[in-house]
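Indexing begins at 1, ligand by ligand and atom by atom, following the structure's order. As the structure is a computational prediction, the values presented were derived from the model and not from experiment.
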Amino acid sequence: MNSASAIVVSNLTKTVSTQAGQLTILKGINLEVKSGETVAILGPSGSGKSTLLGLLAALDSPTSGEILLDGVSLTGLSEEQKADIRKQKLSFIFQSFMLVETLTALENVMLPAELAGIADAKQKALAMLDKVGLSHRLSHLPSQLSGGEQQRVAIARAFIANPKVLFADEPTGNLDHANGTMIADMLFELNAEQHTTLILVTHDNELAHLCQRQLVMNAGELSETVIDVAKEPVQ
Ligand SMILES: Nc1ncnc2c1ncn2[C@@H]1O[C@H](COP(=O)(O)OP(=O)(O)O)[C@@H](O)[C@H]1O
Ligand SMILES: [Mg+2]
């Protein structure tokens, strides 16, 4: 294995039981992502993108195959060990923001820093919220913020603990074009600053092309591809 790999995935499968029988969602995924690389995953709805992200982020366990995260195999780790890896090395941005509704913007951003045992969590959170232009919204609850503002809080929260790998599952999917562009700009700016490895699921070809690599998931199979934006059919 290349020691500069953030993620190495071998023969990963995920099968779940449904009322209609066994459903194989992921059919033998192989993938290597280098440290600091930015990778977009495209593909139709229901093809297995979120399931793959959940496995890579140690939120769910595969049926077979292996994931090495920063050189450490996730196979056989206890839930507590996986939680530790998530706290120390990983973070997430979701389409639906997923802020803690009962915490203010500042408290939401401080939370992962506190969980990771970082000193000066409050000072760091204030600086992150300043970077995303929300210094005037510190004591607002998520319900008092617009969608774009909530996602900016989520970005500040995602970067505060300097993650090794950041997973973003359709981060602009619930935003209008102007807000989506602003969020993408902030995401890539902070990513470049912190040299984070970025794995981003999106339906947006423009956003996908801000990444160094584009992969396509199709019915549980992942392939590397070169997509010509100009030739993509309008959906
Ligand atoms: N826990 C589960 N039980 C049953 N089916 C699931 C489960 N998780 C996902 N699926 C199904 O697997 C397929 C892939 O889901 P998902 O990874 O969310 O796709 P995507 O993110 O590409 O839209 C979908 O058909 C979904 O309904
Ligand atoms: Mg999904």
Protein contact of [atom] - nearest heavy atom, named by residue and atom, plus distance:
| atom | answer |
| --- | --- |
| atom 19 (O) of ligand 1 | Gly48 N, 3.2 Å |
| atom 25 (O) of ligand 1 | Gly46 O, 3.8 Å |
| atom 16 (P) of ligand 1 | Thr51 OG1, 3.6 Å |
| atom 18 (O) of ligand 1 | Ser50 CB, 3.7 Å |

Looking just at side-chain N and O atoms, do [X] and [Y] make a donor-acceptor pair shorter than 3.5 Å?
| X | Y | result |
| --- | --- | --- |
| Lys34 | Thr197 | no |
| Ser17 | Gln22 | yes |
| Ser50 | Asp169 | yes |
| Thr104 | Ser139 | no |
| Ser135 | Asp130 | yes |

>> Just to be careful: counting only protein atoms that are N, O or S, how many fall under 2.8 Å of the Mg ion (ligand 2)?
In response: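 The number of such protein atoms is 1.
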Close N or O approach ([X], ligand 1; < 3.5 Å):
| X | value |
| --- | --- |
| Ile25 | no |
| Ser17 | no |
| Lys49 | yes |

Test your reading of the model: is there a side-chain donor-acceptor pair from [X] to the backbone of [Y], 3.5 Å cut-off?
| X | Y | answer |
| --- | --- | --- |
| Glu170 | Gln95 | no |
| Gln150 | Leu145 | yes |
| Gln88 | Ile85 | no |

> With side chains defined as the heavy atoms from C-beta onward, is the minimum distance between Leu23 and Thr15 less than 4.5 Å?
Replying inline: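 No; the side chains remain at least 4.5 Å from each other.
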> Is it the case that more than 12 heavy atoms not belonging to His177 sit under 6.0 Å from its NE2 atom?
Replying inline: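 Incorrect, the count does not exceed 12.
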>> Any carboxylate oxygen within less than 4.0 angstrom of a Lys/Arg side-chain nitrogen, looking at Asp60 and Lys14?
In response: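 Salt bridge present between Asp60 and Lys14.
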> Can we say Lys131 and Glu189 salt-bridge, meaning some charged N sits less than 4.0 Å from an Asp/Glu carboxylate O?
Replying inline: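 Salt bridge flag = no for Glu189 with Lys131.
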>> Quick check on atom 27 (O) of ligand 1 - does any protein heavy atom sit closer than 4.0 Å to it?
In response: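 Looking at atom 27 (O) of ligand 1, one finds that no protein heavy atom lies closer than 4.0 Å.
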In terms of atom number and element, which parts of ligand 1 are under 4.0 angstrom from non-hydrogen atoms of [X]?
| X | value |
| --- | --- |
| Val16 | 3 (N), 4 (C), 5 (N) |
| Thr18 | 4 (C) |
| Pro44 | 22 (O) |

>> Can you tell me which portion of Asp169 lies within the under-4.0 Å heavy-atom range of ligand 1? Options are side chain, backbone, both, or neither.
In response: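 Near ligand 1, Asp169 shows nothing, with every heavy atom at 4.0 Å or more.
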